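By convention in this document, chain letters (A, B, ...) are assigned in the order of the sequence lines, proteins followed by strands, and residues within each chain are numbered from 1. These numbers come from a predicted model, not from an experiment.
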There are 2 protein chains.
Amino acid sequence: MDLQVMFDELKTHFGKLISLTPEEFAYVSSHFTSRKFRKHQFLVQQGAPVMHDFFVIKGLLKSSFVNEQGKEHILQLAMEDWWISDYQAYFNQTDATLDITCFEDVEVLCLSLANREKLCSEMHQIEYFFRKKSNAGYIALQRRILSFMNHSAAERYHELLQIYPSLAQRVPKTLLASYLGVSRETLSRLSA
Amino acid sequence: MDLQVMFDELKTHFGKLISLTPEEFAYVSSHFTSRKFRKHQFLVQQGAPVMHDFFVIKGLLKSSFVNEQGKEHILQLAMEDWWISDYQAYFNQTDATLDITCFEDVEVLCLSLANREKLCSEMHQIEYFFRKKSNAGYIALQRRILSFMNHSAAERYHELLQIYPSLAQRVPKTLLASYLGVSRETLSRLSA
DNA sequence: TGCCTAGTGTGATCTACATCACACCAAACT
DNA sequence: AGTTTGGTGTGATGTAGATCACACTAGGCA
């Protein structure tokens, strides 16, 4: 995809929370780099350093934790217009505990922690943007935790179908199961 | 507790992430109000508006969701030096879906959303502070979700004892169970 | 003094869900 | 054309943990 088009996506995304002049946005975007990945490729790998936060332009990814027994738990799914990283490792600049992989060909814009902090310190609006984003993410995770405590597998599944219908169509059920913390067999037995 | 002492706690707390001059801090603290609550009292009640984010000076509180069957799920526990609120309702200025109650006498400093946003827009350091706090909270919740997916009740319990030993001592097991998403009977059967 | 409430332990039973095992199908590589 | 890979369904069986029921203790309050 054309770099210009990619930045347009980013501009629209920022525009949902803040308004930047073209000059300001040009400056902001100069701190991002663009990358492409193929299906099955790793953006982040357990044990390796995490260089970037990724803004998804195109494609579908997951961040997941693989435990000692080789069982995989999906922490996050991400598609167009979403951000994804191993945030624990990214913010603390430690090694990844998660894997991030593509299950479609993917195009992302990459933001290093240094550039993120630089932009935040230089531009109040950017700091505002990321603060709001983080708050929203916190709330979303709280809802997910409540869902774990309060709902059965079937209820969580239907909730997911409702909230993210587009995701549910693109993501194989096996992975939805892993996101929901249910075995794929159990999910398969649930009425659609 | 003396108001001066309360603000000292807050100052120390801010000091962990940012440094403010005495004048700056005086200005910041003027946006907080102090309140006391007795054991069993509600700070936030399901269905009511949420006026504040609360910084705990003293005491022990919980935020919890009570479902239709009257079953309670604890979303957050908070003690000295922690913040607590119904953030979904607070940030979106909607009605609470959670209850927040004390199980000890409590003293808090209260910050309205308007004052929070005012401080954030006026003082870069404050916005930085809350951005970092939110990031840290996000990461903590991710860990809790992984714990739900990857660990048994017994493992989650021992993890909790390790990470928050002080909490585990002050909070009755019945409530720890509810925080962990386990029945109190099951928790009671786990070897300490 | 006696009652009430909060917190805890423990047995018996029930159930949601995991696990194991196998079979089927479609797309992708070779 | 044949084989591997990824996704899915479904039966049989096992188990962690929920639920129900009851009993015990200690502190707060009438």
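- In this structure, A/R35 places its CZ atom where only 12 or fewer heavy-atom neighbours from other residues, nucleotides or ligands lie under 6.0 Å away.
- For the pair A/D105 CG and C/dA28 P, the interatomic distance rounds to 12 Å; values are reported in whole Å.
- Each of B/H40 and A/L187 lies near DNA chain C, and the nucleotide nearest B/H40 is the one positioned closer to the 5' end.
- Residue B/K71 is classed as a sugar-phosphate contact, given heavy-atom separations below 4.0 Å to backbone atoms only.
- B/E72 is not listed as a side-chain neighbour of B/F65, based on a closest heavy-atom distance of 4.5 Å or more.
- By the 6.0 Å contact criterion, CE on A/M123 is enclosed, its count of non-hydrogen atoms from other residues, nucleotides or ligands being greater than 12.
- Atom CZ of B/R189 and atom P of D/dA21 are 15 Å apart (whole Å).
- Here D/dA18 is the nucleotide among D/dA18, D/dT19, C/dT8 with the atom lying nearest to any side-chain atom of B/V182.
- Here the nucleotide nearest the side chain of B/S188, chosen from D/dT8, C/dT19, C/dT10, is C/dT10.
- Candidate nucleotides D/dT8, C/dT8, C/dC17 were compared by shortest atom distance to the side chain of B/K173, and C/dT8 ranks first.
- Of the candidates C/dT10, C/dT19, D/dT8, C/dT19 carries the atom nearest the A/S183 side chain, counting heavy atoms from C-beta on.
- No more than 12 heavy atoms of other residues, nucleotides or ligands sit less than 6.0 Å from atom NZ of A/K58.
- The CG atom of B/L60 sits 11 Å away from the P atom of C/dG7 (whole-angstrom rounding).
- A 4.5 Å side-chain heavy-atom check between B/V171 and B/L60 finds at least one atom pair inside the cut-off.
- Between the CD atom of B/E72 and the P atom of C/dG7 there is a distance of 11 Å, given to the nearest Å.
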5'-to-3' dot-bracket of DNA chain D (Watson-Crick, G-U; under 3.5 angstrom; crossing pairs as [ ]; | other strand):
|.|||||||||||||||||||||||||||.
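- Salt bridge annotation for A/K36-A/E107: present, with a cationic side-chain nitrogen under 4.0 angstrom from a carboxylate oxygen.
- Within 6.0 Å of the CE atom in A/M79, the count of heavy atoms belonging to other residues, nucleotides or ligands exceeds 12.
- Taking atom CZ on B/F148 and atom P on C/dA18, their separation rounds to 15 Å, with Å as the unit.
- As a whole-Å value, the separation of B/Y157 OH from C/dT8 P is 9 Å.
- Within the 6.0 Å centre-distance limit, the rings of A/Y87 and B/Y138 are counted as a close aromatic pair.
- Per the geometry, CZ belonging to A/R184 stands 11 Å off P belonging to D/dT10, to the nearest Å.
- Between C/dA18 and A/T186, a contact under 4.0 Å exists linking OP1 or OP2 to a side-chain N or O.
- Residue-to-nucleotide proximity on DNA chain C shows that, of B/E185 and B/K39, the 5′-proximal contact is made by B/K39.
- Straight-line distance from the CZ atom of B/F103 to the C1' atom of C/dA6: 13 Å, rounded to whole Å.
- The side chain of B/A153 has D/dG17 as its nearest neighbour among C/dC22, D/dG17, D/dC22.
- Of the candidate nucleotides C/dT10, C/dT19, D/dG7, D/dG7 has the atom nearest to the side chain of A/P172.
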